Amino acid sequence: MNQDHPSSSSEQGQRPKSHLEAARREKLRRIAEMGIDPWGGRFDGHRPIREIRARENEIVVVDGGDGRSAPELRGPRVRAAGRIMLLRRAGKIMFIDIRDWTGKIQVLVGKAQVGERNWELAQCFDLGDIIGVDGELKRTKTGELTIFADNLHFLTKSIETPPEKWHGLADPELRNRMRYLDLAYTEGVMERFLRRTQIVHSIRATLAEEGFVEVEGPTLHVIAGGAAARPFVTHHNALDMDLYLRIALELHLKRLLVGGMEKVYELGRVYRNEGISPRHNPEFTMLEAYQAYGDYHTMMDLTEKLIVQAIRATGQPLQLPWGENVIDFTPPFARKTYDELFAEHTGVNPTDPASISYFASSRGIEVVGRHPDVIKNEIFEEFVQPKLTGPIFVLDYPASICPLTKRSRNNPQIAERFELFVQGMELANAYTELNDPDLQEELFSRQLEGLPEEESMARMDRDFIRALRHGMPPAGGLGIGIDRLVMLLTNCQSIREVILFPLYRPEVD
RNA sequence: GGGGCUGUAGCUCAGACGGUAGAGCAACGGACUUUUAAUCCGUAGGUCUCGGGUUCGAGUCCCGACAGCCUCACCA
């Protein structure tokens, strides 16, 4: 195509790409010709289809009266709106299945019943169009709950062909890229994302009930601290400085503890510039909650409560399906120490560095020049974590891999930290928070052995240290990966299925 | 970034050995006032992801690129 006469975008938009689109545009034209706006407008008075379906008990049988005509059904008058999912034409009658976000219902459109004009309009219906319907709620002779239409309203034309009506969209790439189609046409997807909203809502409700306040911290950080992850880098032009998208919520929430917010949380997006996998998306949703005068046991109780109430909010029992398995979330969840589990699953004495080092090198894990606890943790991650079907709280981590955690009073080698594992997946992470500014500064400045700086949690944040010097109350802190929680509560094995718009490379034209 | 697999009509999928591309749904025309993945008859629809190569001939074989899925690494 030459570019001598650049066409306007509207002209381009009206050039059909296929005979399928041409057919739909022809119907669009016919609708407009009838004096009807094919893009619709305000449509009041319709009820959710689920609500309409619930009125089936109002359908009654009435006699013909004169004793000769057959008994017939009478039902309530209803108005619905939705997308056309299925269309069955049978001469001068047609059956239309419409769907809204609460459900699906069949509509019967008869030429004699709706009149000439409506019938003409109905000839312009395509799968995917959005329509409104007035009629009587009754049953067909096969018993299907049906709106017997007496008036039709055109609300929006669909120019594109919808997915195959039986198989729907099967390609996961298309489903995730075009979430609108997935929501509109794939069974259960709408329900799953509405369930995600219920879960998040429940978490906020539980925290409010417990007296926590929600805050909003900065997402642009000068120092990307609070976790060990590579950040996304951006640039502020006016200040001419690089900034990082936050990788954790931790350090600002702790500043608020210093300020006197005794129960505080943030539920929001964090960003990590790491690999993408069925359990990782570059941006994901994190809850972090901090409670002054609590500790990691306080946080364990809170974690259980948040999860159990979230499950109840979705209307499910505490035993949830997960692929071929069932996860039992009945509290209390199992609680075992890191060392116990280490011994149990590796057969190695967790307090003997020599045996640990031997085990590691015999399994191909690098040992030279690395801190014994780093080696130990690598073994834990590779040989123990995958076996933790859970839910199980793993308690008391090696102190040297926990730079933000208070050391155990009885044993300074141990940090008061737990992680909650379910199906081998880390779901939550909590500490008795370290509030000793001198130790915190030392841990920040001491380069963790065996770890390059960019991979270390130990990034020096001077203002944070200064805050601690002003006095942070002893506290428990908790982090929960919300996307993973939603995965577990919706039986989804891939994080992309619970994120509305997961990251993809752009499509090439 | 490494490894394995995948990419064919708008969608869901077939295409042994290399021989001029097939079905269902969707679309178009026709029949049908109780269907429900409606059915029946007919018609149309393709740069086989892209670019090279081998060959008389490539959807098919080889190389490369792009995209996706799985997996490993990094990470939660």
Side-chain angles (χ1 to χ4, degrees), chain A residues 16-27 73 84-97 104-114 119 126-128 138-146 148 158-178 181 185-186 226-231 247-248 270-288 378 381-382 385 419-421 424-429 451-452 454-455 457 479-485 487 493-496 502 504-509:
Chain A
K17 290 179 298 195
S18 69
H19 70 288
L20 298 169
E21 180 179 335
R24 282 167 180 263
R25 287 198 179 275
E26 169 59 19
K27 290 174 188 164
L73 294 175
I84 297 176
M85 305 302 286
L86 241 36
L87 204 72
R88 296 177 289 280
R89 298 174 194 273
K92 295 182 179 60
I93 191 179
M94 61 200 285
F95 294 92
I96 304 172
D97 290 358
K104 228 184 260 188
I105 195 161
Q106 175 170 271
V107 178
L108 186 153
V109 177
K111 185 178 184 184
Q113 292 85 339
V114 298
W119 185 249
D126 281 306
L127 294 177
K138 292 194 291 191
R139 294 184 177 285
T140 61
K141 69 182 184 189
T142 55
E144 177 81 19
L145 194 62
T146 299
F148 286 68
S158 170
I159 294 302
E160 293 278 352
T161 313
E164 213 258 6
K165 68 185 180 190
W166 182 243
H167 299 93
L169 270 190
D171 184 339
E173 180 182 355
L174 294 183
R175 289 183 46 200
N176 292 331
R177 276 191 199 275
M178 295 190 279
L181 281 186
Y185 292 99
T186 311
R230 286 158 64 190
I247 59 172
V270 297
Y271 306 85
R272 297 189 182 177
N273 204 340
E274 307 281 358
I276 296 174
S277 87
R279 292 177 176 195
H280 301 85
N281 194 62
E283 54 179 309
F284 62 104
T285 302
M286 178 101 110
L287 164 71
E288 288 195 28
E378 196 167 321
E381 285 176 1
E382 188 169 341
Q385 279 183 19
E419 292 194 336
L420 174 63
F421 283 90
M425 190 156 67
E426 183 192 332
L427 186 59
N429 181 18
L451 279 182
E454 65 166 8
E455 291 175 19
M457 268 196 231
I480 295 181
I482 298 301
D483 311 273
R484 289 178 170 185
L485 179 63
M487 284 169 70
Q493 323 286 308
S494 170
I495 199 168
R496 284 184 286 263
Y504 272 91
R505 285 201 152 89
E507 291 174 85
V508 287
D509 294 323

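All figures in this text were calculated on a predicted structure; none of them were measured in a lab. Sequence lines set the chain letters: A, B, ... in the order given, protein chains first and strands last, and positions in each chain run from 1.
Take A:Lys27 and apply the side chain to side chain contact (heavy atoms under 4.5 Å, CB included) test, not counting sequence neighbours, and it matches A:Arg30, A:Cys124, A:Asp126, A:Lys157. Under the rule for a side chain to side chain contact (heavy atoms under 4.5 Å, CB included), the partners of A:Arg175 that lie at least two apart in sequence or sit in another chain are A:Leu169, A:Asp182, A:Thr186, A:Val189, A:Arg192. Residues satisfying the salt bridge (charged side-chain N to carboxylate O under 4.0 Å, His left out) test with A:Glu26, not counting sequence neighbours, are A:Arg29. With sequence neighbours excluded, no residue satisfies salt bridge (charged side-chain N to carboxylate O under 4.0 Å, His left out) with A:Glu426. Evaluation of the salt bridge (charged side-chain N to carboxylate O under 4.0 Å, His left out) rule for A:Glu381 yields no partner, not counting sequence neighbours. Scored by the side chain to side chain contact (heavy atoms under 4.5 Å, CB included) test, A:Pro502 finds A:Asn176, A:Arg179, A:Asn281, A:Arg496, A:Ile499, A:Tyr504 as partners (sequence neighbours excluded). The side chain to side chain contact (heavy atoms under 4.5 Å, CB included) check on A:Ile482 picks up A:Arg196, A:Val200, A:Ile203, A:Leu267, A:Thr285, A:Leu287, A:Ile480, A:Val486, with sequence neighbours excluded. Qualifying salt bridge (charged side-chain N to carboxylate O under 4.0 Å, His left out) partners for A:Arg177, counting only residues two or more places apart in sequence or in other chains: A:Glu173.
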Below 3.5 Å between N/O atoms, which protein atoms pair up with nucleotides 68-72 of chain B? Just atom names and distances, please.
{"unit_1": "B:G68", "atom_1": "OP1", "unit_2": "A:Arg505", "atom_2": "N", "d": "3.1"}
{"unit_1": "B:G68", "atom_1": "O4'", "unit_2": "A:Glu173", "atom_2": "OE1", "d": "3.1"}
{"unit_1": "B:C69", "atom_1": "OP1", "unit_2": "A:Arg496", "atom_2": "NE", "d": "3.2"}
{"unit_1": "B:C69", "atom_1": "OP1", "unit_2": "A:Tyr504", "atom_2": "OH", "d": "2.7"}
{"unit_1": "B:C70", "atom_1": "OP1", "unit_2": "A:Arg496", "atom_2": "NH2", "d": "3.3"}
{"unit_1": "B:C70", "atom_1": "OP2", "unit_2": "A:Arg496", "atom_2": "NH2", "d": "2.5"}

Q) How does protein contact run along nucleotides 37-45 of chain B, one letter per nucleotide 5' to 3', with B for base contact, S for sugar-phosphate only, - for none, heavy atoms under 4.0 Å? A) BB------S
Q) Using a cut-off of 4.0 Å between protein heavy atoms and nucleotide atoms, how would you tag nucleotides 3-9 of chain B 5' to 3' with B, S and -? A) -------
N/O donor to acceptor pairs below 3.5 angstrom from side-chain atoms of residues 104-113 of chain A, sequence neighbours left out:
{"unit_1": "A:Gln106", "atom_1": "OE1", "unit_2": "A:Arg88", "atom_2": "NH2", "d": "2.7"}
{"unit_1": "A:Gln106", "atom_1": "NE2", "unit_2": "A:Thr146", "atom_2": "OG1", "d": "2.9"}

